[in-house]
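These notes are about the structure you will find just below.
Just so we're on the same page: letters track the sequence lines, and every chain starts at 1.
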There are 2 protein chains.
Amino acid sequence: MGKLYVIGMGPGGIEHMTIKAKKAIEDSEVIIGYTKYIDLITPLIQGKEVFSTGMKGEIPRCKKALELSREKKVAIISTGDAGIYGMAGLILQMKNDEVVEIIPGVTASSAAASIVGAPLMHDNCNISLSDLLTPYDLIKKRVELATQGDFIISLYNPKSKSRPNNLSEVLNIVRKYRDGKTPVAVVKNALRDGQETYIFTLDDFDDSVVDMLSIVIIGNSQSYIKDNIFITPRGYEKKEEFNL
Amino acid sequence: MGKLYVIGMGPGGIEHMTIKAKKAIEDSEVIIGYTKYIDLITPLIQGKEVFSTGMKGEIPRCKKALELSREKKVAIISTGDAGIYGMAGLILQMKNDEVVEIIPGVTASSAAASIVGAPLMHDNCNISLSDLLTPYDLIKKRVELATQGDFIISLYNPKSKSRPNNLSEVLNIVRKYRDGKTPVAVVKNALRDGQETYIFTLDDFDDSVVDMLSIVIIGNSQSYIKDNIFITPRGYEKKEEFNL
């Protein structure tokens, strides 16, 4: 009797995976994922059957995973949380009577936030700037509404070669409502090899450091920078009372 | 030389903690947290010094953690992700020259989502209905803007004795813009003892099952229920092509 684990491996390094995710990978006979993610967990998958495919191969990958899971224990892996822009959705859309378990992980915005400070301490949203399956007008409308609502905004997939200017257009929408001193962080390869971190303000934001693997976090009206740490207070009271 | 680990322990059970979070707890001499959360990790903290305080004791807890971390290795724990409505913000606001490391975890909306299906597969936001530190008018405005922007909405702290009607008021705001068939999930005690799950639509939503420990997830315009699983597609194309 087979089973399919849909695993969010967290930001990438094995130590930021949950204990349950690690056990499920160890328990699986077959590992399926995007080549680059498979490489991150090499020590865990020695001797296992591996199917890796390129970036655009999601649907064949899911089909293969479901097929094989009828007979074998199979793990299909995403970075971050499998349920946020990961593989959980496609698998459940395509599933018939296969046995599927979703194992959540640390999503990319949480990983990025932990490196720059505590930017996500109040109401926050995740917006992907990828316009492959979402109209760009809807993405821009969403950014505008999120800014008006004073949400902290985490941008996933902020930039690619096919849309080099969308990020700066989106930042211009934010500038209509939010102060120029609002902190903006860029984290590339959060908590894995090649990590890079930048803390800007809206006024001096430089989007040339951003690539597809970055997360961009824009603070709310209360966010501030203290000793190069990006902090959003947990509320809107005038002053927190720390001297008890 | 001491150190302070600010740890997001994930939904609660030890297996949903990251390997890094578990190691940091094991490495710590002192464990600080809300009594109920400390109880969840009893097997990890035998023989360690423990300071636990009630729900409202956040500021004294942070002060104690920072003080002790000058000499000792200290872990202050939150459920979920320490950086999303957790302890990371207060610690960094109050910190002087203490050494602090934030260790991210699986946030409550990811944990709840993994149980009901894949509701968070597109742009999504987290909104806390707690009005202790946030004006209720701003919370309602935020819900309205998020609904207009077709965000999937995860509600944290959806209900308490002091505000029994806010959740139903907020759902009425959502109903102004979103179809009555939109899925709404309630997950109580996600991935820990006492887990309960309910899948409703906006039309038949029953808020009597919701308490302070629940997460409520409201789908976007594309979300649907299939075999009692809550799915949001990854995009807005008319039809995903699964028959390759």
Side-chain angles (χ1 to χ4, degrees), chain A residues 10 14-20 22-23 59-60 63 81 83-85 88-90 92-94 102-107 110-111 113-114 117-118 120-128 132-135 138 141-142 145-146 148-151 226 229 231-237 240-242 244, chain B residues 10 14-20 22-23 59-60 63 81 83-85 88-90 92-94 102-107 110-111 113-114 117-118 120-128 132-135 138 141-142 145-146 148-151 226 229 231-237 240-242 244:
Chain A
I14 290 170
E15 65 178 0
H16 288 286
M17 193 176 281
T18 68
I19 293 161
K20 172 112 184 180
K22 180 165 175 272
K23 279 189 187 149
I59 292 178
K63 206 175 172 189
D81 178 27
I84 299 186
Y85 311 120
L90 272 180
L92 294 178
Q93 285 181 278
M94 294 168 75
I102 314 284
I103 300 178
V106 175
T107 189
S110 287
S114 75
L120 306 181
M121 286 301 297
H122 210 281
D123 299 341
N124 58 86
C125 65
N126 299 317
I127 300 176
S128 169
L132 287 176
L133 300 173
T134 306
L138 175 58
K141 180 183 169 196
R142 225 164 232 173
L145 291 163
Q148 289 176 307
D150 205 27
F151 282 96
K226 166 191 158 186
I229 297 172
I231 298 174
T232 302
R234 59 185 182 154
Y236 285 79
E237 79 268 77
E240 302 248 20
E241 282 302 330
F242 299 140
L244 298 182
Chain B
I14 290 171
E15 65 177 359
H16 288 285
M17 193 176 280
T18 68
I19 293 161
K20 172 113 184 180
K22 179 165 176 270
K23 278 189 186 151
I59 291 176
K63 205 174 172 192
D81 180 26
I84 299 186
Y85 310 120
L90 272 180
L92 294 179
Q93 285 181 278
M94 294 167 75
I102 315 284
I103 300 178
V106 175
T107 189
S110 288
S114 75
L120 306 181
M121 286 301 297
H122 209 283
D123 299 340
N124 58 87
C125 65
N126 299 317
I127 300 176
S128 168
L132 287 176
L133 300 174
T134 305
L138 174 58
K141 181 183 167 196
R142 228 165 230 172
L145 291 164
Q148 290 176 306
D150 204 27
F151 283 96
K226 167 191 158 186
I229 297 173
I231 298 174
T232 302
R234 59 185 181 153
Y236 284 80
E237 79 266 78
E240 302 246 20
E241 282 304 329
F242 299 139
L244 298 181

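One finds the CD1 atom of B:Ile19 at 5.0 Å from the NZ atom of A:Lys22 (value rounded to the nearest 0.5 Å). To the nearest 0.5 angstrom, A:Ile229 atom CD1 is 11.0 Å from B:Gln93 atom CD. Atom CZ of A:Phe151 sits about 9.0 Å away from atom CG of B:Asn126, to the nearest 0.5 Å.
B:Leu138 touches chain A through its side chain: at least one heavy atom from C-beta onward sits under 4.5 Å away, while N, CA, C and O do not. Using a 4.5 Å cut-off between heavy atoms, B:Ile231 touches chain A through its side chain atoms alone. The contact between A:Asp81 and chain B is made entirely by side chain atoms (from C-beta outward), counting heavy-atom distances below 4.5 Å.
Relative to the ring axis of B:Tyr85, A:Arg234 does not place its NZ or CZ within 45° and under 6.0 Å from the centre.
Among the candidates B:Lys141, B:Met17, B:Lys23, the residue making the largest number of heavy-atom pairs closer than 4.5 Å to chain A is B:Met17. Residue with the most contacts toward chain A among B:Ala88, B:Ala146, B:Gly105, B:Ala113: B:Gly105 (heavy-atom pairs, distance under 4.5 Å). Listed options A:Thr232, A:Asn124, A:Thr107 were ranked by heavy-atom pairs under 4.5 angstrom with chain B; first place goes to A:Asn124.
Taking all atoms of both residues into account, the shortest heavy-atom contact from B:Ala111 to A:Pro104 is CA-CG, 4.3 Å.
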- Task: Dump the intermediate steps for side chain to side chain contact (heavy atoms under 4.5 Å, CB included) on B:Ser110 and A:Ile84, then the final yes or no.
- Result: CA-CA 8 Å; B:Ser110 288; A:Ile84 299 186; 3.7 Å; yes
- Message: Before you tell me yes or no, could you show the steps for B:Thr18 and A:Glu15 under side chain to side chain contact (heavy atoms under 4.5 Å, CB included), namely the whole-Å CA-CA distance, both residues' side-chain angles and the distance that decides it to 0.1 Å?
- Response: CA-CA 7 Å; B:Thr18 68; A:Glu15 65 178 0; over 6 Å; no
- Item | Test side chain to side chain contact (heavy atoms under 4.5 Å, CB included) applied to A:His122 and B:Thr134, step by step | CA-CA 9 Å; A:His122 210 281; B:Thr134 305; 2.7 Å; yes
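Looking only at distances, a side-chain donor or acceptor of A:Asp123 sits under 3.5 Å from a matching main-chain atom of B:Ser128.
With contacts defined as side-chain heavy-atom distances shorter than 4.5 Å, the pair B:Arg142/A:Asp150 qualifies.
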